[in-house]
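Report on the following structure.
Note that these values count all heavy atoms, side chains included, but never hydrogens, waters or copies made by symmetry. By convention here, the first residue in the shown sequence is residue 1. Just follow the structure's listing: the first ligand is 1, and inside any ligand the first atom is 1.
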Amino acid sequence: MLEQIQEAADFIKRSMHGQPTVGIILGTGLGALAQEVDAEIALPYSMIPHFVTSTVEFHNGKLILGTLAGKSVVVMQGRFHYYEGYGMQQITFPVRVMHALGIRTLLVSNAAGGMNPEFQLSDLMVIEDHISLLLPSNPLIGHHQPELGDRFPDMSEPYSPKLIDMAYAIAGEAGISLKKGVYVSVPGPQLETKAEYRMLRQWGADAVGMSTVPEVMVAHQMGMQVFGVSVITDMAIPKTLEKADIQKILAAAEAAEPTLTTLTREMVRRL
Ligand code: HPA
């Protein structure tokens with residue numbers, strides 16, 4: 001894998017000037033930030049050695065290299081999911097490549113179902129912690145390569161408290177309201193039953209989605225500082241649960257895009 005990581009990183013390096021410092025992964029329906037990036041080049045995943053391609057129709061699969069708020073960034077517009085049939089190593093490969101490019105800060109976003117009754121549609125939930133154990137596998141399983149981090153990586157604080165504080169400071173100044181909570185990752189692609197939402201809530205999760213945790217585990221294993229935010233795109237409350245509607249989910253994500261974009265841009269400025 002190390003060779004493949006290096007090949008992909010070398011390919012990307014040849015396409016950009018300067019040293020990228022921040023990696024950004026944009027979640028479902030949350031691609032608007034990409035327009036804020038002064039893009040040097042956008043590489044379709046299919047062009048990059050050893051990248052798989054994103055099969056979800058509303059995820060644009062490309063890697064955008066450019067500047068945001070004066071910083072050199074690498075943005076994944078569209079990510080890979082377990083439910084697409086990819087392995088955990090394939091899903092998280094781009095994060096390993098970002099690290100090989102010298103990136104040490106990762107900002108991730110996703111669309112998630114809100115199980116905390118205090119949440120509302122299109123709220124931004126800062127991810128304080130996560131639950132990985134419901135995923136059928138994880139990217140840290142398998143042959144251990146010490147170059148990529150510890151065999152038994154610590155997960156006591158996968159989300160950087162410093163970056164969470166920074167997000168709250170920015171939100172205060174910009175008049176953005178933030179929620180905070182625990183994100184649980186499930187394999188998907190089906191949405192949850194009422195019984196499953198009830199269980200996940202009782203197990204301590206505030207929001208549920210089908211991504212993010214594998215990437216964060218890998219980033220944290222490699223010592224990157226991570227900030228994650230979920231956009232609440234549907235209310236996952238058993239008593240009032242409505243039929244899942246992907247169009248409504250995308251609309252709720254779109255409504256949150258301006259605030260998420262402001263938050264992300266200002267964080268990158270201060271990094
Ligand atoms: N469950 C799982 N994934 C999701 C949800 C949900 O309710 N909403 C958006 N992604």
**Study point:** Per-residue contact class, Ala112 against ligand 1 - non-hydrogen pairs under 4.0 Å
**Key:** backbone
Exercise for review: State the CZ-CG distance between Arg265 and Leu33, to the nearest 0.5 angstrom.
Suggested key: 8.5 Å
Check your understanding: Between Tyr86 and Phe80, what is the ring plane arrangement, given parallel below 30°, perpendicular above 60°, and tilted in between?
Key -> perpendicular
**Study point:** Distance in Å, Thr261 OG1 paired with Gln35 CD, rounded so as to fall on 0.5 Å steps
**Key:** 8.5 Å
Check your understanding: Which protein non-hydrogen atom lies closest to atom 4 (C) of ligand 1, naming both residue and atom, and how far is it?
Key -> Val208 O, 3.6 Å
Review point. At what distance is the nearest protein heavy atom to atom 5 (C) of ligand 1, and which residue and atom is it?
Key: Gly113 N, 3.4 Å
Revision key, fill the gap. closest protein heavy atom to atom 2 (C) of ligand 1 is Glu192 OE1, 3.2 Å
Revision key, fill the gap. of all protein heavy atoms, closest to atom 8 (N) of ligand 1 is Asp234 OD1, 2.5 Å
Point to revise | Within 6.0 Å of CD in Glu147, more than 12 heavy atoms from elsewhere | key: yes
**Study point:** Proximal ligand 1 atoms for Thr233, defined as those under 4.0 Å from one of its heavy atoms
**Key:** 8 (N), 9 (C)
Review point. Taking the six-membered ring for Trp, are His220 and Tyr159 ring centroids under 6.0 Å apart?
Key: no
Study note, to complete from the structure: atom 10 (N) of ligand 1: of Ser185, Pro189, Ala111, Ala207, the nearest heavy atom sits on Ala111
Exercise for review: Report the part of Tyr197 in contact with ligand 1, treating N, CA, C, O as backbone and CB onward as side chain, heavy atoms under 4.0 Å; options are side chain, backbone, both, neither.
Suggested key: side chain
Check your understanding: For the atom pair OG1 (Thr212) and NE2 (His81), what is the distance rounded to the nearest 0.5 Å?
Key -> 7.5 Å
Practice item. Check ligand 1 against Met210 and write out every atom of the ligand that is under 4.0 Å from a heavy-atom position of the residue. Key: 2 (C), 3 (N)
Exercise for review: Select one of side chain, backbone, both or neither to describe which atoms of Leu191 lie under 4.0 Å from any atom of ligand 1, heavy atoms only.
Suggested key: side chain
Review point. How many angstroms lie between atom CD of Gln6 and atom CG of Leu101, to the nearest 0.5 angstrom?
Key: 8.5 Å
